[in-house]
There are 2 protein chains.
Amino acid sequence: MQLNKLIAFHKTVGDATRIRILSLLAAGPKNGQALAGILSLSPPTISHHLAKLKEINLVTDRRNKNTIYFHLNESVLHQYSQSLPKLIIGKDNPMTMDNSLQLEHRKIVDNFFSDGMLKTIPAQRKKKMIVLYHMAAGLKMGRKYTEKEINDYITQFHPDYATIRREFIVSRIMHRENAIYELNPRELWDEIVES
Amino acid sequence: MQLNKLIAFHKTVGDATRIRILSLLAAGPKNGQALAGILSLSPPTISHHLAKLKEINLVTDRRNKNTIYFHLNESVLHQYSQSLPKLIIGKDNPMTMDNSLQLEHRKIVDNFFSDGMLKTIPAQRKKKMIVLYHMAAGLKMGRKYTEKEINDYITQFHPDYATIRREFIVSRIMHRENAIYELNPRELWDEIVES
DNA sequence: CTTCTAATTAGATTACAATCTAATTAGATA
DNA sequence: TATCTAATTAGATTGTAATCTAATTAGAAG
């Protein structure tokens with residue numbers, strides 16, 4: 001799947017009329033005039049859109065007597081939909097936080113935690129980051145937390161919630177806005193932990 | 001995820017320049033001038049594209065001194081990429097059947113299909129089974145099909161519908177009774193493909 | 001408070017895309 | 001062959017979007 005076709009796919013599909021056509025075809029093949037009627041558009045306009053959809057093989061046509069029926073090609077839809085993340089970041093599945101825990105990370109976590117409690121805050125930057133990362137894994141991306149909620153959450157790992165809460169901010173794992181706390185996007189974390 | 005945002009996503013991402021920006025940001029955060037330099041575009045043009053990417057939250061920005069670093073938000077990319085098939089055909093995975101496509105199956109399918117069309121019918125039994133299995137995934141379990149419907153359906157993958165229709169029968173993916181075609185129960189398939 | 005740097009906004013240009021009406025084509029059927 | 005139907009092509013109009021230069025803003029740093 002090369003770049004140009006993938007861009008063409010997204011451009012083609014980034015149009016309300018064409019999305020409506022695809023939705024209609026998903027229910028079964030239809031001919032041009034039927035589509036024109038349902039969508040209140042002229043036959044040439046439908047022809048125009050179908051031509052674009054056919055260009056990328058999202059739609060195929062089959063004639064029966066005088067009428068041409070247009071069919072949705074579902075597998076092309078799936079193929080293209082899955083290709084963009086693959087192209088941009090080299091994979092198609094979001095990895096979960098714990099998937100990124102390599103053996104080394106696991107060791108460090110085992111060393112610094114006992115029965116789930118953080119024994120001491122690591123002095124080494126990298127180890128500290130891994131430990132913070134581990135604790136933050138239980139917070140929900142996109143959720144907003146009050147300061148009290150954060151404090152309560154942190155005390156499940158360590159009594160000194162103030163220090164650790166501060167570390168979450170300075171390490172840029174979280175940010176605070178008007179006393180509301182929230183996780184930063186995942187990709188930012190990676191950059192931090194790798195560094 | 002509502003329609004308008006999804007269309008906006010595809011429109012936004014259906015542009016070569018923005019794809020290049022996203023690819024660059026996937027390697028790590030960059031500031032505007034860096035992007036302008038790499039892409040040989042003016043800073044206002046970069047600003048324009050980044051504004052569109054920020055509108056749909058694909059990109060976030062964070063200031064450090066005088067420089068603003070732009071970050072890719074991977075999870076948004078995944079979310080949107082998976083939403084289109086869900087919207088159009090009511091699910092995001094190619095059929096329950098295709099869920100069983102392991103990596104190996106995926107590779108074979110990618111090899112034998114190009115833009116949804118079957119390039120050649122595999123000679124190896126196992127590969128042929130996987131390819132047939134893939135094509136049959138768009139048929140509905142329990143539904144009865146006329147021969148013409150089956151022919152029409154198959155031509156979306158390959159012009160030689162007669163051969164493939166016969167393969168469906170001999171492989172026991174489908175059966176025919178009084179010129180009516182119907183899928184065999186799933187559990188029969190598994191046994192066939194694994195064997 | 002002035003100056004520097006990076007980013008954005010304003011405004012213009014150019015290219016492309018959605019839609020229409022009118023004309024044309026491709027097959028089917030009589 | 002003549003005619004009918006559905007689809008496409010031609011050509012015009014209108015709207016949107018990519019890109020540039022020039023002017024402006026937002027912070028940082030002296």
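Computed over heavy atoms, backbone and side chain alike; hydrogens, waters and symmetry mates excluded. To find a chain, count down the sequence lines: A is the first, B the second, and so on, and within it residues start at 1.
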**Message:** Suppose we call two aromatic rings close when their centres sit under 6.0 Å apart. Are A/F9 and A/Y80 close by that rule?
**Reply:** yes
**Message:** Students often get this wrong, so: under 4.0 angstrom with heavy atoms, is B/K30 touching a base, only sugar-phosphate, or nothing?
**Reply:** nothing
**Asked** Out of curiosity, B/L25 CG to A/I88 CD1, how far, rounded to the nearest 0.5 Å?
**Response** 9.5 Å
Between [atom2] on [N] and [atom1] on [X], what's the gap in Å once rounded to a whole number?
X     : N      : atom1 : atom2 : value
A/Y69 : C/dG27 : OH    : P     : 17 Å
A/K65 : C/dA28 : NZ    : C1'   : 9 Å
A/L35 : C/dT19 : CG    : P     : 13 Å

**Prompt:** Any salt bridge between B/K54 and B/D61, counting N to O under 4.0 Å?
**Reply:** yes
**Message:** Please determine whether a side-chain nitrogen of the Lys or Arg among A/R165 and A/E147 lies less than 4.0 Å from a carboxylate oxygen of the Asp or Glu.
**Reply:** yes
**Asked** Within a strict 4.5 Å, meaning less than it, do heavy atoms of the A/I46 and A/L50 side chains meet?
**Response** yes
**Message:** Base contacts versus sugar-phosphate-only contacts with protein, heavy atoms under 4.0 Å: please encode nucleotides 9-24 of chain D as B, S and - from 5' to 3'.
**Reply:** B--------SBBBB--
**B/Y161, OH: over 12 other non-hydrogen atoms inside 6.0 angstrom** = no
